[in-house]
Amino acid sequence: MSRIGKKLITLPAGVTVTNNDNVVTVTGPKGTLTKTFDKIITININGNEITCTRPNDEIKARSLHGTTRALLNSMVVGVSEGFKKELEIVGIGYRAAMRGENIVLNMGYSHEVVIKPEPGVKVTCTDATHVVVEGIDAQAVGQTAAVIRAVREPEPYKGKGIKYKGEFILRKEGKRAGKK
């Protein structure tokens with residue numbers, strides 16, 4: 001039995017969930033999310049608790065059991081608290097700025113990189129080297145942050161690039177380390 005799939009999802013105050021033939025709509029103080037789930041998994045809403053059950057131990061049912069519960073939990077957390085990813089820009093001359101809804105990155109290329117965030121995601125620059133990505137959909141927030149980070153991933157020698165806040169970059173020694 002899936003350990004994640006067996007866990008109950010407790011709804012916080014102000015969050016409502018409706019299930020219409022495995023099309024689940026979660027509404028909360030931050031917004032509304034709707035997602036269609038596979039009909040193999042049964043989603044039961046009892047008061048302020050949600051449970052997911054599977055009919056048998058076939059491979060497809062087992063693989064969907066924990067995934068369905070995790071996605072439902074992410075939806076509940078998203079509409080009640082929201083998700084947030086913070087990025088840091090390291091390097092001389094590397095900077096970020098906002099241009100309307102889009103973020104403009106100057107990362108040492110001959111051109112500036114303009115990134116349009118996913119729908120429902122808000123990107124802000126607290127200063128030239130810090131970017132905050134916020135939203136209610138965990139997948140959209142993570143995807144937008146990953147696209148921004150992919151513009152110039154941190155390199156292992158000097159650590160320059162875009163990294164997540166708190167991310168540890170394993171540093172390497174240069175070639176001169178072995179010479180005497």
Side-chain angles (χ1 to χ4, degrees), residues 4 9 11-18 23-38 63-64 66-177:
I4 299 294
I9 301 171
L11 299 177
V15 176
T16 58
V17 178
T18 57
V23 177
V24 179
T25 303
V26 182
T27 306
K30 294 213 174 225
T32 302
L33 290 173
T34 302
K35 187 162 184 64
T36 304
F37 292 98
D38 199 305
S63 65
L64 286 173
T67 304
T68 301
R69 189 260 176 212
L71 290 172
L72 276 170
N73 190 50
S74 290
M75 290 170 68
V76 170
V77 170
V79 297
S80 61
E81 301 168 19
F83 292 99
K84 180 181 188 179
K85 293 253 187 193
E86 297 180 32
L87 298 124
E88 296 174 343
I89 300 173
V90 179
I92 296 175
Y94 292 180
R95 63 186 177 277
M98 295 302 296
R99 187 179 295 157
E101 296 274 321
N102 301 336
I103 184 167
V104 179
L105 300 169
N106 292 315
M107 300 303 299
Y109 298 122
S110 61
H111 59 283
E112 55 187 29
V113 180
V114 179
I115 296 176
K116 185 178 188 325
E118 299 264 331
V121 175
K122 182 183 175 202
V123 178
T124 55
C125 289
T126 55
D127 59 28
T129 60
H130 291 86
V131 178
V132 179
V133 182
E134 296 175 298
I136 61 172
D137 188 2
Q139 190 276 333
V141 169
Q143 181 66 33
T144 302
V147 167
I148 292 171
R149 184 180 184 272
V151 170
R152 174 87 64 181
E153 291 187 8
E155 53 96 14
Y157 295 101
K158 293 184 180 178
K160 294 165 59 172
I162 304 173
K163 64 177 189 149
Y164 294 113
K165 185 175 183 181
E167 179 183 9
F168 177 75
I169 306 300
L170 185 62
R171 303 296 284 273
K172 294 182 178 179
E173 266 187 276
K175 286 184 179 180
R176 64 175 179 235

Is there side-chain contact between [X] and [Y], with at least one heavy-atom pair below 4.5 Å?
X: I103; Y: C125; result: yes
X: P154; Y: I162; result: no
X: V113; Y: M107; result: no
X: V76; Y: P12; result: yes
X: K116; Y: N102; result: yes

*asked:* For E88, give me all partners under salt bridge (charged side-chain N to carboxylate O under 4.0 Å, His left out), at least two apart in sequence or on another chain.
replied: K163

*Which residues satisfy the salt bridge (charged side-chain N to carboxylate O under 4.0 Å, His left out) test with K160, sequence neighbours excluded?*
none

Using the side-chain hydrogen bond (donor to acceptor under 3.5 Å, both in side chains) criterion, which residues pair with [X]? Sequence neighbours excluded.
X: E167; answer: R149
X: E112; answer: R99
X: R152; answer: none
X: E86; answer: K165

*Looking only at atom types and distance, does a side-chain atom of R95 sit under 3.5 Å from a main-chain N or O of G93, one as donor and one as acceptor?*
yes

_To the nearest 0.5 Å, what is the distance between CD on Q143 and CD1 on I148?_
10.5 Å

*Gap separating the OG atom of S74 from the CD1 atom of I136, nearest 0.5 angstrom*: 12.0 Å

*Apply side chain to side chain contact (heavy atoms under 4.5 Å, CB included) to K85 and T144, showing your working.*
CA-CA 9 Å; K85 293 253 187 193; T144 302; over 6 Å; no

*Using the ring pair (Phe, Tyr, Trp, His ring centres under 6.0 Å) rule, collect all pairs that involve residues 115-164, keeping only residues at least two apart or in two chains.*
none

Partners meeting side-chain contact (heavy atoms from CB on, under 4.5 Å) with [X] (sequence neighbours left out):
X: E134; answer: K84, V132
X: V77; answer: N73, E81, F83
X: T25; answer: T18, T27, T32, T34

*asked:* Evaluate I89 against L105 for side chain to side chain contact (heavy atoms under 4.5 Å, CB included), listing each step before the verdict.
replied: CA-CA 10 Å; I89 300 173; L105 300 169; 4.3 Å; yes

Shortest non-hydrogen separation from [X] to [Y] and the atoms involved:
X: P156; Y: I169; result: CA-CG2, 4.5 Å
X: V131; Y: A96; result: CG2-CB, 3.9 Å
X: G135; Y: V141; result: N-CG2, 3.5 Å

*Can you sort out the partners of Y109 under ring pair (Phe, Tyr, Trp, His ring centres under 6.0 Å), two or more places apart, ordered by chain and number?*
H111

*If a pair satisfies salt bridge (Lys or Arg N to Asp or Glu O under 4.0 Å) and one of its residues is in residues 135-145, list it, with sequence neighbours excluded.*
none

*Test side chain to side chain contact (heavy atoms under 4.5 Å, CB included) on D38 and T68 and set out the steps.*
CA-CA 8 Å; D38 199 305; T68 301; 5.9 Å; no

